Structures are given as structure tokens and as C-alpha cells.
*Asks:* 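Quick one: this structure, given as C-alpha cells, is what I'll be asking you about.
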Amino acid sequence: MVRRTRNIRHAAVLAATVLLSAGLTPAAFAAGAPSTPGPDAAELSGFWTAARMTAARPGDTGPGDTGQDESMAARTTEPTVDGPRPGEVIPPSKSFDGIPQAGTFFWTDASGTGRTCSGSVVRSPGHNLVLSAGHCLKGYSGSSPKRHLAFVPQYHDGLTPFGIFPVQDNGVYVSQQYYDKGEHAGAAYDFGFAVTEANQDGQHLEDVAGGVELLTGSGYAHAPVRMIGYPGGAQKPLECLSKTTKWASDDSADPGTFERIACAGFVGGTSGGPLLVARPGGWGVIGVIGGYHTGGNTPQVSYSAYFGPATQALYKAATTGAPPAGPTS
């Protein structure tokens, strides 16, 4: 996100509240045979102490993040329209302890500063896949250094209830179009996947945390939508109940059509957080915070790249072990 300093109405909110109170939780997955914990899991479990995790800063905004989205702080011009419409009701967000299928990445930038970005566990044959924003993950594709890169499902209050899951070498998948076009011209491709290793107990990510269903080609309008994100430096994630609508870009620098969602309070670090809809037996993910203006320039409105054939193709590459894309120069 460019500026995540962000702190439908009653029918939609009421419907979403009823849906959540009904106990719609993801379907259970049968646990597979545990893997042998690798040296990365042991090392990262020791490295990412509660103090280091709580001190980590957002990886999706601000200067000095040399391992990631270097153009975020450079954008100074305001879009013609990017934010609340006159009279628009902005649903509030609230902090909570999270859900097992959503979590946050931790890594260190080139200066050694801890960084964070949000993500969600998606169902996959290997039970080891995390979905996030392309601008969060692009610095780690190919042979780029991992720098303590790991995913922690349902992180809150310095706790790692399911353990810490290292990201595999050459396990980050971002579309080649995103590399070639860049963060703004390629905003429609702002999504990515990370393939994880087993945690320190030899367990696969999806076996212990469950997963959400990746939904592609599902349209732009959804309600209710549950958006979850991890603000950098906060002890708990945020959630908000709202709706998505279709947004046709009015900025030639960020072309495309996107999902738009109004929610207050999603600050730096929430990029990559999932937009969830209820599915039979669980949740489906229809987008991640990112896309248009890498997620939005204003405090109250977020965006997502539309999940279509390009998203499905990237998912296939990540789940079949195809060589990941990377910068061409």
C-alpha cells in the first residue's frame, strides 16, 4: 500500500454479523504425515522471538525497505479519485485474535530491520501455500535472499500458535507481467504465492491451520466480505465486514479494473490480507489488499487485483513446482 495510515450499510453489516456468529469456519483437513523439520525451521523459530516480531515494521510502505517495494514512498501525486465518495458509509474495523487461515510474513530487510506483510493459507495439493500481494513478495522470487522470510498463521500478541513456517528457496511466485510492467502499470497482477516448508515440529501449514478456497472468475461484486490484515507493529490483526464493487481505474499509471472495498483502519502491513466470502464449510478468497495504487492512497478504501486466468495460472505454477518468474534484468 502506498499510504496505509488508516485508522454497508446496516443490512450488509447485519448479514455479515449473522454469518460470522453462525460459526462458519473452514473445513478440517486430515493431517498428513509430518515432515522432518529442516534447519530453516529451527533457525527461524529461534530468530523470530516475540520481541522481534512485535518490533517489526510494515514491509508495504515507507522508505528504507530495500528488500521490497522500493517505489511505495516515492509516489507523491494524488489520484483524481481514490477514497470515500461523498456521503459514503465506511464500515469500522476492529482488532481480534485472528483466524488460523490468515497470518503475517516476517522477514528482515537489507539493514536487518524486521518487516511484515499479510497473507492467507490457500488450499493446495502440497498443503503448503500462502497467498499475498505481489508487491509484498516480489523481492524474494528466484534466487533472491530470503533474509529470515517466514509465515506465521494466526499471529497475535507475540504468539505463534501453529509455529513458524519458512518459505522455500525458489518458492515465491509472482507473475512475470508484474515484474515486466512494474508495480503501477502491472497493478492488475498484484498477487503472489509463497511455498512453505514444514514448521519446527515437522507439520505442513495447511494440516495445522486449514486453508481457504482460491476463487477466480467470481466477479467483482460480493457481500458480505470479511477483510483481514495485520498492521505493522500491532499486537493483533484487524477485521472488517463490508462489500466489494467494481472499480475501473481513473489513473493511467495504474490501469485495469479492480475490486474496491471500503473499510476504516487498515494501516501499513495489511497489504496481502485476504478478502473472504463464505463458502460451504469454510471461506473462499476473492482478492488480497493491493492492486490499484498498491492497495489505495486513502485511509478508508482498499483495492485488490481481480482474480482471473492469470491468478489461476500462477497458482498452477506454484503447486506444480514450475520455475518461478523473476526480473528480466
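If you're wondering where the values come from, they're calculated on a predicted model, not measured in any experiment.
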*Asks:* With no hydrogens and no angle check, is any side-chain donor or acceptor of R115 less than 3.5 Å from a backbone partner on R57?
*Replies:* no

*Asks:* Indicate if F191 and I228 have the same hydrophobic cluster label, given that clusters are the connected sets of ILVMFWY residues with side-chain heavy-atom separations under 4.5 angstrom.
*Replies:* yes

*Asks:* We want to know whether S111 and D109 form a side-chain donor-acceptor pair, criterion being a heavy-atom distance below 3.5 angstrom.
*Replies:* yes

*Asks:* Take K246 and T257 through the test side-chain contact (heavy atoms from CB on, under 4.5 Å) and record every step on the way to the result.
*Replies:* CA-CA 7 Å; K246 185 176 182 178; T257 53; 4.0 Å; yes

*Asks:* Show the nearest heavy-atom pair for residues G158 and A50, with the distance to one decimal.
*Replies:*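 In terms of heavy atoms, the two residues are closest at O-CB, 3.6 Å.
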
*Asks:* Do the non-hydrogen side-chain atoms of H148 and E43 ever get within less than 4.5 Å of each other?
*Replies:* yes

*Asks:* Test side-chain contact (heavy atoms from CB on, under 4.5 Å) on M227 and C263 and set out the steps.
*Replies:* CA-CA 8 Å; M227 186 162 70; C263 272; 3.5 Å; yes

*Asks:* Is there a side-chain contact between S218 and F307 (heavy atoms, below 4.5 Å)?
*Replies:*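 Counting from C-beta outward, S218 and F307 never come under 4.5 Å.
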
*Asks:* For L238, is there any backbone N or O sitting under 3.5 Å from a side-chain donor or acceptor partner on S93?
*Replies:* no

*Asks:* If I take atom CG from residue L44 and atom OG1 from residue T160, how far apart are they, to the nearest 0.5 angstrom?
*Replies:* 11.5 Å

*Asks:* Could you tell me if T294 and H135 have a donor-acceptor pair between their side chains, going purely by distance under 3.5 Å?
*Replies:* no

*Asks:* Please check: side-chain N/O of Q200 versus main-chain N/O of I164, any donor-acceptor pairing under 3.5 Å?
*Replies:* yes

*Asks:* Supply the atom-to-atom distance D190 CG to K181 NZ, rounded to the nearest 0.5 angstrom.
*Replies:*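 Answer rounded to 0.5 Å: 14.0 Å.
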
*Asks:* Side chains of N128 and H204: any donor to acceptor distance under 3.5 Å?
*Replies:*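 Short answer, no.
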
*Asks:* Looking only at heavy atoms, which two atoms of L137 and G192 are closest? And how far apart?
*Replies:*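 L137 and G192 have their closest heavy atoms at CD1-C, 3.7 Å.
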
*Asks:* Can you label the angle between the W107 ring and the Y140 ring as parallel, tilted or perpendicular, going by 30° and 60°?
*Replies:*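 Rings of W107 and Y140: perpendicular, as their planes differ by over 60°.
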
*Asks:* Check whether any side-chain heavy atom of E197 sits under 4.5 Å from a side-chain heavy atom of P166, and report yes or no.
*Replies:*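 In short, these two side chains touch, coming nearer than 4.5 Å.
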
*Asks:* Would you say the side-chain atoms of T244 pair up with the backbone N or O of Y220, donor to acceptor, closer than 3.5 Å?
*Replies:* yes

*Asks:* Can you tell whether the side chains of K243 and E88 come within less than 4.0 Å, N to carboxylate O?
*Replies:*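 A salt bridge is absent here (no side-chain N lies under 4.0 Å from a carboxylate O).
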
*Asks:* Heavy atoms, side chains only, cut-off 4.5 Å: are V174 and Y179 in contact?
*Replies:* yes

*Asks:* Could you tell me if the side chain of L214 sits less than 4.5 Å from the side chain of R123, heavy atoms only?
*Replies:*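 A side-chain contact under 4.5 Å is absent here.
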
*Asks:* For residues D157 and D97, determine if any side-chain heavy atom of one lies less than 4.5 Å from a side-chain heavy atom of the other.
*Replies:* yes

*Asks:* Between Q235 (side chain) and T54 (backbone), is there a donor-acceptor pair under 3.5 Å?
*Replies:*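 A pair under 3.5 Å: no.
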
*Asks:* Measure from the side-chain N and O atoms of T319 to the backbone N and O of Y315, and report whether any donor-acceptor pair falls under 3.5 Å.
*Replies:*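 Side chain of T319 to backbone of Y315: a pair is present.
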
*Asks:* Which heavy atom of A41 sits nearest to which heavy atom of A198, and what is that distance?
*Replies:*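 The pair with the smallest heavy-atom distance is CB-O, 3.6 Å.
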
*Asks:* Hey, does the side chain of Y303 reach the backbone of W247 with a donor-acceptor pair shorter than 3.5 angstrom?
*Replies:* no

*Asks:* Side-chain heavy atoms nearer than 4.5 Å, only ILVMFWY residues, links allowed to pass through others: does that put V167 and M53 together?
*Replies:*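 Hydrophobic grouping puts V167 apart from M53.
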
*Asks:* Could you tell me whether the side chain of S95 and the main chain of K236 form a donor-acceptor pair under 3.5 Å?
*Replies:* no

*Asks:* Taking all atoms of both residues into account, what is the closest heavy-atom pair of P153 and A209, and its distance?
*Replies:* CB-CB, 4.1 Å

*Asks:* For the residue pair Y292 and F258, categorise the inter-ring angle as parallel (less than 30°), tilted (30 to 60°) or perpendicular (more than 60°).
*Replies:*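 Plane angle between 30° and 60°, so tilted.
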
*Asks:* How about Q203 and N199: does a side-chain donor come under 3.5 Å of a side-chain acceptor?
*Replies:* yes

*Asks:* Could I get the full list of ring pair (Phe, Tyr, Trp, His ring centres under 6.0 Å) partners for F96, not counting sequence neighbours?
*Replies:* none

*Asks:* Do the side chains of V225 and I286 get nearer than 4.5 Å, heavy atoms only?
*Replies:* yes

*Asks:* Nearest 0.5 Å please: distance from the OG atom of S271 over to the CZ atom of F266.
*Replies:* 11.0 Å

*Asks:* Can you name the nearest heavy-atom pair linking V195 to A318, along with the distance?
*Replies:*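 Reported closest heavy-atom pair: CG2-O, 3.8 Å.
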
*Asks:* Between OH of Y230 and OH of Y155, what distance do you get to the nearest 0.5 Å?
*Replies:* 9.0 Å

*Asks:* Counting only N and O atoms by type, is there a donor-acceptor contact under 3.5 Å from the side chain of S304 to the main-chain atoms of I289?
*Replies:*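 Looks like no, no N/O pair under 3.5 Å.
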
*Asks:* Any link between L149 and L131 through a network of hydrophobic side chains (Ile, Leu, Val, Met, Phe, Trp, Tyr) touching at under 4.5 Å?
*Replies:* yes

*Asks:* Supply the atom-to-atom distance E183 CD to H293 NE2, rounded to the nearest 0.5 angstrom.
*Replies:* 12.5 Å

*Asks:* Report the C-alpha separation of R279 and V212 in whole Å, then their side-chain angles, then the decisive distance to 0.1 Å, and conclude whether the side-chain contact (heavy atoms from CB on, under 4.5 Å) test is met.
*Replies:* CA-CA 9 Å; R279 298 284 288 174; V212 300; over 6 Å; no

*Asks:* Thinking salt bridges, do K94 and E239 make one under a 4.0 Å N-O criterion?
*Replies:* yes

*Asks:* Are V285 and W283 joined in one hydrophobic group, where the rule is that I, L, V, M, F, W and Y side chains link up if heavy atoms are under 4.5 Å apart?
*Replies:* yes

*Asks:* Can R52 be said to sit on top of F47's aromatic six-ring, NZ or CZ under 6.0 Å from centre and within 45° of the ring axis?
*Replies:* yes

*Asks:* Identify the heavy atoms of D254 and A187 that sit nearest to each other, and give their distance.
*Replies:*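 Scanning both residues completely, I find the closest heavy atoms to be OD2-CB, 4.0 Å.
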
*Asks:* Using only atom types and a distance under 3.5 Å, with no angle test, would you say the side chain of S175 pairs donor to acceptor with the backbone of Y178?
*Replies:* no

*Asks:* Should H222 and E259 count as side-chain neighbours, where that means a heavy-atom distance under 4.5 Å?
*Replies:*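 When only atoms from C-beta onward are counted, E259 and H222 do touch, with a gap below 4.5 Å.
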
*Asks:* Between V122 and V152, is there shared hydrophobic-cluster membership here, with clusters defined by ILVMFWY side-chain heavy atoms closer than 4.5 Å?
*Replies:*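 V122 and V152: separate clusters.
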
*Asks:* Got a second to check how far L215's CG is from E213's CD, nearest 0.5 Å?
*Replies:*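 The distance works out to 4.5 Å.
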
